[in-house]
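Every chain is numbered from 1, with letters handed out A, B, ... down the list of sequences.
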Number of protein chains: 2
Amino acid sequence: MTGGPAFREKSVLHSVPEIDTSEALTERQKAVLDAALRLLVEEGDQLTMTAVARRASCSKETLYKWFGDRDGLLTATVQWQASKVRVAQVDGKGLDLASLSASLERFASDWLQVISSDTSIALNRVAISHAGSGKDNLGAVVLENGRFALAKRLKPVLEAGRQAGLLDFADAETAFRTFFGLVARDVQIRLLLGDRLELTEATIGGDAARATQQFLALHGAKTGPQGL
Amino acid sequence: MTGGPAFREKSVLHSVPEIDTSEALTERQKAVLDAALRLLVEEGDQLTMTAVARRASCSKETLYKWFGDRDGLLTATVQWQASKVRVAQVDGKGLDLASLSASLERFASDWLQVISSDTSIALNRVAISHAGSGKDNLGAVVLENGRFALAKRLKPVLEAGRQAGLLDFADAETAFRTFFGLVARDVQIRLLLGDRLELTEATIGGDAARATQQFLALHGAKTGPQGL
DNA sequence: GGCAAGCCGTACCGTACGTTACGGTTCGGC
DNA sequence: GCCGAACCGTAACGTACGGTACGGCTTGCC
């Protein structure tokens, strides 16, 4: 471990779950991580150093020089993908009910799309597998770029909705978690456990709309009779 | 593999996700599986055959004779624990709103208790890890004894509530999934990913009550103005 | 007592894989 | 053209672990 992005430096990753997406990766390194990612998605847990080296057409020596050890490679791979996941960014300036509803629906749809993707499933699986055995940085990375990133984007929208008198809730965090539950339901755990559960574009759209309607029914401001 | 509960018989487990809890386990075998379970919960993924044998004070030869191979032992362990998990059984005969609400709250509380237990987390982790690599029977077992068992118990209650004019929904499955989402929210995925998230008795009770209220707000029959 | 079956403890085997080492090749700088 | 750095491909090493074999001990049966 001399030079290069020292992914295994304890002081860097262990204490700080904050993600530094710009870890100064060269294009070649990104290509290697992409190869590792593809392998992870396709082959499941068969992510051996030899396989990654072969897939990326690089030598194992290079992998070790760049990433320290297997855990470093895994962490770098997860961070690399995580840095690419972005759900809709919405400005909370559209103050009417229609645009708020549309924003929520967009968030819901994006999120369902993410958690049902092969990549997300593979990443969560590997992070969960590693969460059991000591070093839990992978889990923290996934959470930070998944559930918490979503919250960070959605909460301002909720707050804006409240400011505009469209939403009514006491705590933005709690409201977010309710929305999260209404959107995700049992989808993620079933997919992670290997349950076949095909989500087409159509069903995702429907689910997003349903979740949004339910959330508004729970937290929409009571301005007169709500009927339809 | 001669005699004994042939856990690895393809024809038994592969095609049939239904659980046969009474697999004719001797007391000694149960004790061994309990030891394996404890090891799984305590040591995470360090569930080697040698470790199980030492912990259970039995020989590896016996493990292989009884369970076929490592996967068989794992499957037997998961099934053994799964057969012990039981959430509240409720008869749908208490037809008033108070008892329905109490039943739902009980289900919610039990479920939160289950998914936040060390045992459940460990089991789900190992099942998810294995779901990535081929044979997914573990995931099916966990799902069948977790989420699907819950649905099987809760749906009759929902149907009874609808019959009694207390609930209003089109599809029991969809209604159940909404309830599931309101109860679980992000708890399970966060725990699986290693997020510290202490759930005390008190918070679980509060969460169960909140989820129940929200569910009733969404699916309670509209009999006059709802305003508390 | 004699015997067979079941099981414990342990040594052993084969392999997979993480990790290291090394020869050969490419490439930028002078 | 020459040099060193970076990197590829591959061989080699060490170890952990799944799986097997075997000697000795206990137990139930005759």
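- A salt bridge links B/Arg147 with B/Glu173: at least one charged nitrogen is closer than 4.0 Å to a carboxylate oxygen.
- A salt bridge links A/Asp34 with A/Lys84: at least one charged nitrogen is closer than 4.0 Å to a carboxylate oxygen.
- Nearest nucleotide to the side chain of B/Lys60, out of D/dG9, D/dT20, C/dC8: D/dT20.
- The shortest distance between the side-chain N/O atoms of B/Trp66 and the OP1/OP2 oxygens of C/dG6 is not below 4.0 Å.
- Rounded to whole Å, atom C1' of C/dG6 lies 14 Å from atom CG of B/Leu63.
- Here the P atom of nucleotide C/dC17 and the CG atom of A/Asp69 are 17 Å apart, to the nearest Å.
- Among the nucleotides D/dG9, D/dC17, C/dC8, the one closest to any side-chain atom of B/Cys58 is C/dC8.
- Set against D/dG19, D/dA6, C/dG9, the side chain of A/Lys65 has D/dA6 as its closest nucleotide.
- Note on A/Arg54: nothing from the nucleic acid sits closer than 4.0 angstrom, heavy atoms only.
- Atom CZ of A/Arg106 has 12 or fewer neighbouring heavy atoms from other residues, nucleotides or ligands inside a 6.0 Å radius.
- Nearest nucleotide to the side chain of A/Gln46, out of C/dG9, D/dG19, C/dC17: C/dC17.
- Where A/Glu61 and A/Thr50 meet DNA chain C, the nucleotide closest to each residue was compared, and A/Thr50 sits on the side nearer the 5' end.
- A salt bridge is defined here as a Lys NZ or Arg NE, NH1 or NH2 lying under 4.0 Å from an Asp or Glu carboxylate O, and B/Glu144 with B/Lys152 meets this definition.
- Taking only side-chain nitrogens and oxygens, B/Thr62 comes nearer than 4.0 Å to OP1 or OP2 of C/dC8.
- Taking for each of A/Ser59 and A/Met49 the nucleotide of DNA chain C with the nearest heavy atom, the 5'-most of the two is the partner of A/Met49.
- The phosphate of C/dT20 (OP1 or OP2) has no side-chain N or O of A/Arg70 nearer than 4.0 angstrom.
- Distance from the side chain of B/Tyr64 is smallest for D/dG18 among the nucleotides D/dG18, C/dT20, C/dC8.
- In this structure, CG of B/Leu74 is placed 15 Å from P of D/dC17, rounded to the nearest angstrom.
- Neither OP1 nor OP2 of D/dC17 sits under 4.0 Å from any side-chain N or O of B/Thr48.
- Rounding to whole angstrom units, CG of residue B/Leu73 and P of D/dG19 are separated by 10 Å.
- A/Glu43 has no carboxylate O lying under 4.0 Å from a charged side-chain N of A/Arg55, or vice versa, which leaves the two without a salt bridge.
- Put simply, CZ on A/Arg55 is 16 Å from P on D/dC8, counting in whole angstrom units.
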